[in-house]
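Have a look at the structure below, then the notes.
Numbers restart at 1 for each chain; the letters A, B, ... are given by sequence-line order, proteins then strands.
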2 protein chains.
Amino acid sequence: MQHKPKNFNSELNPNVSVDCVIFGFDLEQLTVLLIDRGEISSAFGPRLALPGNLIYDNENLDMAANRVLDELTGLNNIYLEQVGAFGDPDRILKESDREWLKSIRAEPEARVITVAYYTLVPMSHYKPQASSFAKNADWVPVNQITELAFDHYEILQAAKDKLKQKIKIQPIGFNLLPQKFTLSQLHRLYESILDKPLDKRNFRRKIQKLNILSSLREKQRGVPHKPSLLYEFNEEKYQELTQTGFDNFGF
Amino acid sequence: MQHKPKNFNSELNPNVSVDCVIFGFDLEQLTVLLIDRGEISSAFGPRLALPGNLIYDNENLDMAANRVLDELTGLNNIYLEQVGAFGDPDRILKESDREWLKSIRAEPEARVITVAYYTLVPMSHYKPQASSFAKNADWVPVNQITELAFDHYEILQAAKDKLKQKIKIQPIGFNLLPQKFTLSQLHRLYESILDKPLDKRNFRRKIQKLNILSSLREKQRGVPHKPSLLYEFNEEKYQELTQTGFDNFGF
DNA sequence: TTTGGATAGTGTAAAATTGACACAAAGCTA
DNA sequence: TAGCTTTGTGTCAATTTTACACTATCCAAA
């Protein structure tokens with residue numbers, strides 16, 4: 001649904017935008033929430049783009065990123081990390097891109113620097129639904145993406161790299177899973193983020209040894225095979241772990 | 001020496017600046033090149049600041065950072081990495097800061113977002129010299145710094161963290177050393193970046209096993225103790241190593 | 001009710017890596 | 001030449017990593 005910016009009565013800054021790489025995980029592969037800019041824009045360039053917007057003059061960058069996320073999905077309190085700033089003067093060179101920008105009120109002649117963020121959302125928390133006034137958004141598996149509008153493909157790659165590095169250091173993957181999950185789902189998540197196969201038994205041993213999971217006395221239901229035990233991420237145990245200076249998951 | 005911006009005839013962008021954390025290593029500890037803003041600015045805030053400047057509308061961010069570095073030190077072709085964008089609306093809130101900004105032509109009312117970079121320079125390549133028109137710059141050991149102008153202290157911390165993470169993954173430390181260096185110097189460099197002691201023998205073993213150093217048939221001269229063998233970083237061997245997918249130095 | 005299909009869950013042994021630790025060698029200076 | 005300072009070196013135990021295969025459990029279809 002469409003949200004009005006809250007508590008901002010100041011001006012849009014025509015020079016700085018934020019773009020969000022919104023990662024999800026469909027229990028099989030890593031996905032990204034992309035905006036379809038429609039037929040008009042596709043004449044000269046890719047239809048799909050990262051959600052983003054200009055920032056207001058009195059909001060900080062993290063707030064702006066959260067606002068973009070909220071406006072698109074209604075979600076807040078979401079794991080969010082900055083990727084970096086992207087600012088080639090010709091990053092919005094293409095005519096089709098400029099036309100589209102015009103339609104959302106930026107001055108197409110101005111040079112725009114964008115600050116990219118990535119966020120991790122449990123995919124079940126947001127099901128895109130077509131709507132006349134909402135932007136047309138959809139989850140797309142990351143390794144099916146070969147091009148995006150503007151410099152967004154480059155931004156996506158940078159975000160993937162950041163995520164890959166980060167997950168070696170902090171167990172942020174849980175932000176992409178439902179609260180209750182199986183070890184196999186976690187396993188597939190790590191494989192798709194790290195983009196390499198991990199031995200099943202070694203993975204399970206390593207995760208279990210960290211002792212940051214709570215095993216529930218509950219099994220999967222309705223699966224056509226041996227049902228898996230369900231687990232929860234245990235925030236308290238993780239805090240204990242980090243207190244000891246631990247910062248390497250060794251993947 | 002003072003440089004004129006090269007090949008830029010376009011306008012300064014009043015909304016976006018770059019700041020550089022220029023790291024050096026005095027063979028004992030990690031240092032940063034800071035600008036002394038002088039007595040006037042110190043009335044209400046710290047004198048010392050990171051070198052930085054507004055960007056031109058037609059240069060990209062990396063170019064702008066290189067330009068700042070070049071203008072201050074005359075150096076180019078230097079290892080450079082983006083830290084991220086910093087953009088709290090109140091980051092230049094202090095009156096003294098705004099006065100100073102006015103003097104370098106920014107509109108003090110405008111909201112400025114800064115993109116921070118860190119660079120690694122061999123300290124021997126740049127000796128600051130006081131000069132009437134050059135900015136007054138000096139190397140300061142990082143762990144003696146307790147405050148900086150604007151939000152520069154926060155930026156410095158972020159840069160240190162980035163560097164710490166990066167050096168666990170890539171052997172970028174060599175950019176801080178003279179071409180010929182001893183294993184003890186490399187050892188101290190890693191200790192000061194990682195901010196923890198490393199066992200001497202274990203460190204040497206680990207580095208040697210990587211096989212990315214060329215041992216020179218040359219010893220230190222003029223030291224009042226047993227002279228050390230000198231080594232060079234071997235770029236080719238490092239390339240071989242990374243080709244195998246290696247991305248973890250395990251510190 | 002039985003069978004087949006699918007995934008869950010488990011252990012071990014060899015190899016590699018890490019961590020802890022102490023002393024002789026080499027050059028300079030006084 | 002005696003003393004100071006830093007270099008350079010090896011081993012052993014503990015831990016971690018890697019490679020690898022079969023049984024258990026559930027559902028569905030016959």
Residues 227-236 of chain B vs salt bridge (Lys or Arg N to Asp or Glu O under 4.0 Å), sequence neighbours excluded, gives none
Contact check, residues 209-221 of chain B vs DNA chain C, heavy-atom distance under 4.0 Å, returns B:Lys209, B:Lys219
query: Using a cut-off of 4.0 Å on non-hydrogen atoms, how would the nucleic acid contact of B:Lys200 be classed: base, sugar-phosphate, or nothing?
result: base
*Side chains of A:Leu176 and A:Phe23: does their closest heavy-atom pair fall under 4.5 Å?*
yes
Footprint ends on DNA chain D, 5' to 3', for atoms under 4.0 angstrom from a heavy atom of chain A, come out as D:dT16 to D:dC27
Under a 4.0 Å heavy-atom criterion, DNA chain C is touched by chain A from C:dG5 to C:dT12
Comparing nearest nucleotides in DNA chain C, the 5'-proximal residue of the pair B:Pro227, B:Arg201 is B:Arg201
Using a distance-only test with no angle check, is there a side-chain donor-acceptor pair under 3.5 angstrom linking B:Thr31 and B:Asp26? no
* **B:Tyr79 and B:Glu81: side chain donor to acceptor below 3.5 Å** => yes
For B:Gln208, does the CD atom sit with more than 12 other heavy atoms under 6.0 Å from it, leaving out its own atoms? yes
Here the residues of residues 239-251 of chain B within 4.0 Å heavy-atom distance, strictly under, of DNA chain C are none
In short, side chain to side chain donor-acceptor pair (under 3.5 Å) pairs touching residues 138-149 of chain A with sequence neighbours left out are none
With sequence neighbours left out, the residues meeting side chain to side chain contact (heavy atoms under 4.5 Å, CB included) with B:Lys226 are none
For the pair B:Lys206 (side chain) and B:Arg201 (backbone), establish whether a donor and an acceptor sit closer than 3.5 Å, ignoring hydrogens and angles.
no
To the nearest 10 degrees, the angle between the two end axes of the helix from C:dT1-D:dA30 to C:dA30-D:dT1 (five pairs per end) comes to 10°
From the list A:Phe203, A:Phe181, A:Phe251, ring pair (Phe, Tyr, Trp, His ring centres under 6.0 Å) partner of A:His187 resolves to A:Phe203
Those residues at least two apart in sequence (or on a different chain) that pass side-chain hydrogen bond (donor to acceptor under 3.5 Å, both in side chains) with A:Arg205 are A:Asn202
To the nearest 0.5 Å, atom OH of B:Tyr126 lies from atom OG1 of B:Thr73 at 6.5 Å
**Study point:** Polar side chain donor-acceptor pair, A:Asn66 to A:Tyr117, under 3.5 angstrom
**Key:** no
With sequence neighbours left out, the residues meeting side-chain hydrogen bond (donor to acceptor under 3.5 Å, both in side chains) with B:Lys180 are B:Glu218
Which of A:Asp36, A:Ile35, A:Asn136 passes side chain to side chain contact (heavy atoms under 4.5 Å, CB included) with A:Arg47? It is A:Asp36
So CG of B:Leu27 and CG of B:Leu189: to nearest 0.5 Å the spacing works out to 9.0 Å
Between A:His225 and A:Asn202, whichever has its closest DNA chain C nucleotide further toward 5' is A:His225
Interatomic distance, CZ@B:Arg188 vs CG@B:Leu30, rounded to 0.5 Å, equals 14.5 Å
Contact check, residues 168-196 of chain A vs DNA chain C, heavy-atom distance under 4.0 Å, returns A:Ser184
Residue set satisfying side-chain hydrogen bond (donor to acceptor under 3.5 Å, both in side chains) with B:Lys168, at least two apart, ordered chain then number -> A:Asp247
Looking at B:Ala149, is its backbone amide N or carbonyl O close enough to the side chain of B:Arg37 to form a donor-acceptor pair, meaning the two atoms are under 3.5 Å apart?
no
